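What's counted below: heavy atoms across the whole structure, side chains too, no hydrogens, waters or symmetry copies. Predicted model only: the values in this text are computed from it and were never measured. All chains are named by letter (A, B, ...) in the order of the sequence lines, taking the proteins before the strands, and each is independently numbered beginning at 1.
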Amino acid sequence: MIKKIAVLPRKPLRYRYDNVTKQDNSNTKAESKIMRLSRYFIPTIKETPSEAQIVSHRLMLRAGLIRQSAAGIYTWLPLGLKVLKKIENIVREEQNRAGAHELLMPTIQSADLWQESGRYDDYGKEMLRIEDRHGRELLYGPTNEELITDIFRREVRSYRDLPLNLYHIQWKFRDEIRPRFGVMRGREFLMKDNYSFDLTAEEGVHSYNAMFVAYLRTFARLGLRAIPMKADTGPIGGDLSHEFIVLAETGESEVFFDKGFDAFEIPGEDVFDGDLQPIVDQWTSLYAATDEMHDVENPGVDMKNIQTGRGIEVGHIFFFGDKYSKPMGASVQGPEGDIVDVQMGSYGIGVSRLIGGIIEASHDDNGIIWPESVAPFKVGLMNLNVKNDECVETCDRLYKEFTAAGVEILYDDRKEGAGAKFADMDLIGLPWQVALGPRGLKSGMVELKNRATGEREEVAIDDIVARLS
RNA sequence: CGGGAAGUAGCGCAGCCUGGUAGCGCACUACACUGGGGGUGUAGGGGUCGCAGGUUCAAAUCCUGUCUUCCCGACCA
């Protein structure tokens with residue numbers, strides 16, 4: 001049988017790059033045209049979805065951040081994805097600052113490595129196992145110790161290459177018996193995990209300390225109050241381990257911590273060159289424990305100084321020495337020519353879970369209250385009357401000016417009533433709301449509202465862009 | 001995995017007990033009015049009742065199986 005094949009013209013294909021390269025590729029400008037709510041995609045829900053039990057899950061569905069795809073598996077809608085990326089970036093910046101290097105390991109792993117470490121059988125049903133067309137055993141990675149150790153042992157031979165700290169931000173899958181609480185306890189989740197390699201235990205502790213400090217800074221930048229608590233090292237093992245617990249009234253577990261934490265300062269960004277031990281010593285000097293570790297009968301501490309609250313675990317750091325390096329042969333040649341098993345630590349932050357944590361810690365009856373650092377947009381501009389030409393013109397102008405000033409702005413130009421716009425804007429939770437209607441137009445003022453405090457003030461139309469830039 | 005519930009329009013639900021033309025509210029579409037806190041009216045569109053099998057003249061409704069989702073517990077970033 002002869003198939004007719006379309007013959008391509010002989011003329012060489014020539015792409016015109018000029019038009020593309022001349023464009024301004026800055027995010028703000030590229031996005032500016034679509035940040036009109038009438039053209040954007042934020043499907044908000046007025047009613048409470050029945051399956052969502054906790055406030056962050058409800059608000060994430062209502063504000064159009066996520067939609068459930070299967071139990072514990074979610075699609076990230078544009079607004080949710082924007083927040084996720086912002087969190088991811090803050091995590092990334094602080095990791096880089098602390099000296100870690102980013103790479104990206106795959107989600108699908110071969111079973112071989114896991115058989116070598118012995119965890120293929122140990123991990124149990126929580127690990128999602130897959131078979132490819134050739135019958136090879138694969139798995140969707142629940143964590144990456146095996147892979148990273150394999151990379152390390154293949155590429156690193158000498159103590160001169162140490163210390164080394166590698167991280168990635170990648171989707172993981174753990175087939176939880178019972179996923180719940182939306183993104184807080186999903187099966188698929190985005191996690192930053194990293195692994196430090198050092199020659200000696202002392203240097204390993206230094207790497208641990210760097211991560212400890214990086215975590216303090218990361219959570220603070222996310223607008224969270226996180227307290228490091230001594231953790232049960234559990235199956236991962238090791239001597240040194242802390243959980244970072246974010247305080248939120250609706251947290252999953254009860255926590256007990258010394259009032260003295262209130263006075264501690266978050267380390268500055270230049271601390272990594274110096275000795276970190278005093279910082280870690282300070283933050284670990286006071287009592288702090290989750291209900292698992294806290295003995296109510298015999299707390300071993302004067303409860304008069306202890307406050308209780310609820311918290312959500314958002315990070316966990318471990319130093320476990322040669323627990324994995326020894327069985328997997330991750331060693332280097334030391335300065336004396338001897339072969340030394342490296343000292344390892346691993347450090348995790350639940351990036352997707354953090355969105356839930358942030359909302360749990362920051363919301364009210366009307367919706368989400370984003371900390372400015374992770375807000376999907378800084379400002380929401382509302383045209384309260386789209387039938388009024390002058391309103392439209394003025395709002396369009398403000399929108400352009402905000403965009404030109406580099407302010408991340410969402411412009412509600414929909415043909416909705418004012419009430420609907422206010423309600424959606426509160427639900428979405430942008431830090432600043434700018435409302436302009438015919439009434440304000442007459443006096444030359446817009447209403448500026450701070451979402452967090454609820455404070456409103458009149459600001460001259462001509463001043464508002466500068467005010468929020 | 002143990003215990004408990006639920007699958008009917010995009011969302012929230014009624015109808016099932018007692019089998020007989022598939023409903024309500026919100027959302028959606030069109031038009032008009034309204035225009036500073038989810039406004040009003042008129043007219044519309046949309047559902048093989050999770051799936052499969054069985055009983056019956058007839059099944060959303062009764063029976064069996066199955067899948068999915070949610071809640072409580074043990075587990076966990």
Side-chain angles (χ1 to χ4, degrees), chain A residues 43-54 57-58 61-62 64 67-73 91 123-127 142-144 169-193 215 226 231-232 234-236 241-246 252-253 290 292 311-318 346-357 365-367 382-388 391-392 412 414-427 433-443 445-447 449 454 456 458:
Chain A
T44 57
I45 304 170
K46 202 188 325 188
E47 293 170 69
T48 300
S50 64
E51 78 266 20
Q53 298 301 312
I54 60 163
H57 191 192
R58 283 204 297 268
L61 290 166
R62 292 226 295 131
R67 286 293 181 266
Q68 179 162 307
S69 164
I73 301 177
V91 170
Y123 221 92
K125 290 193 167 178
E126 226 179 56
M127 184 154 72
T143 177
N144 288 69
I169 300 173
Q170 177 64 290
W171 293 92
K172 310 272 192 290
F173 193 93
R174 289 182 196 169
D175 198 0
E176 295 279 343
I177 297 165
R178 188 182 162 215
R180 63 183 129 172
F181 304 150
V183 130
M184 304 263 288
R185 245 328 251 299
R187 291 144 95 201
E188 188 182 52
F189 56 98
L190 186 62
M191 182 176 174
K192 184 283 302 177
D193 50 320
Y215 276 35
D232 185 0
I236 295 185
S241 178
H242 288 91
E243 285 177 352
F244 285 76
I245 306 284
V246 160
E252 58 194 346
S253 49
T290 60
E292 293 172 330
I312 300 161
E313 184 187 349
V314 290
H316 204 154
I317 59 179
F318 298 90
S346 82
Y347 318 88
I349 290 180
V351 175
S352 51
R353 162 178 262 212
L354 268 167
I355 295 197
D365 290 343
N366 295 325
M382 286 175 275
N383 180 352
L384 299 179
N385 189 335
V386 294
K387 291 263 178 80
N388 180 313
C391 263
V392 173
D412 192 347
R414 294 174 303 167
K415 294 185 175 110
E416 294 285 337
K421 294 189 180 183
F422 280 117
D424 269 344
M425 205 52 90
D426 279 349
L427 177 61
Q433 298 176 7
V434 175
L436 179 61
R439 208 170 75 194
L441 212 49
K442 258 183 213 154
S443 49
M445 304 293 242
V446 293
E447 184 187 278
K449 178 173 141 184
R456 300 172 207 199
E458 299 286 314

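Judged by distance alone, with hydrogens and angles left aside, Arg180(A) brings no side-chain donor or acceptor close enough to the base of rC72(B) to form a pair under 3.5 Å. Evaluation of atom-type donor-acceptor distances gives no pair under 3.5 Å for the side chain of Glu416(A) against the base of rG38(B). Taking 3.5 Å as the limit, the base of rG4(B) and the side chain of Arg178(A) contain no donor-acceptor pair of atoms between them. Between the side chain of Asn385(A) and the base of rG36(B), no donor-acceptor pair of N or O atoms lies under 3.5 Å.
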Protein-nucleic acid N or O pairs under 3.5 Å, nucleotides 10-13 of chain B:
| unit_1 | atom_1 | unit_2 | atom_2 | d |
| --- | --- | --- | --- | --- |
| rG12(B) | OP1 | Ser50(A) | N | 3.4 |
| rG12(B) | OP1 | Ser50(A) | OG | 3.0 |

Nucleotide N/O to protein N/O under 3.5 Å, stretch nucleotides 30-33 of chain B:
none

Are there any protein N/O atoms within less than 3.5 Å of an N/O atom in nucleotides 42-47 of chain B, and if so, which ones and at what distance?
none

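For Lys421(A) and rG37(B), the shortest distance from a side-chain N or O to OP1 or OP2 is not below 4.0 Å. Listed pair Gln68(A) / rC70(B) meets the phosphate criterion, a side-chain N or O lying under 4.0 Å from OP1 or OP2.
At a cut-off of 3.5 Å, with distance as the only test, a side-chain donor of Gln433(A) or Asp426(A) sits close to an acceptor on the other residue.
The nearest heavy atom of RNA chain B to Arg439(A) and to Arg353(A) marks one nucleotide each, and the one closer to the 5' end goes with Arg439(A).
Across all strands shown, rA30(B) forms a Watson-Crick or G-U wobble pair, both distances under 3.5 Å, with rU42(B). Remark: rG2(B) base-pairs with rC72(B); criterion is Watson-Crick or G-U wobble with both hydrogen-bond distances under 3.5 Å. In this structure, rC24(B) and rG12(B) make a Watson-Crick or G-U wobble pair, each of the two defining distances being under 3.5 angstrom.
In terms of heavy-atom proximity, Glu176(A) sits nearest to Arg187(A) at N-CG, 3.9 Å.
Nearest to the side chain of Ala420(A), among rA77(B), rG38(B), rC1(B), sits rG38(B). For Glu447(A), taking side-chain heavy atoms from C-beta onward, the closest of the listed nucleotides rG39(B), rG36(B), rC70(B) is rG36(B).
Here the side chains of Val314(A) and Tyr215(A) are not in contact, with every heavy-atom distance at 4.5 Å or above.
Partners of Asp412(A) under the side chain to side chain donor-acceptor pair (under 3.5 Å) rule, at least two apart in sequence or in another chain, are Arg414(A). The salt bridge (charged side-chain N to carboxylate O under 4.0 Å, His left out) search around Arg180(A) returns none, not counting sequence neighbours.
Using a 4.0 Å cut-off on heavy atoms, the residues of residues 169-177 of chain A that approach RNA chain B are Arg174(A), Glu176(A), Ile177(A), listed by number.
Panel note: side chain Ser352(A), backbone Leu190(A); a donor-acceptor pair is recorded below 3.5 Å.
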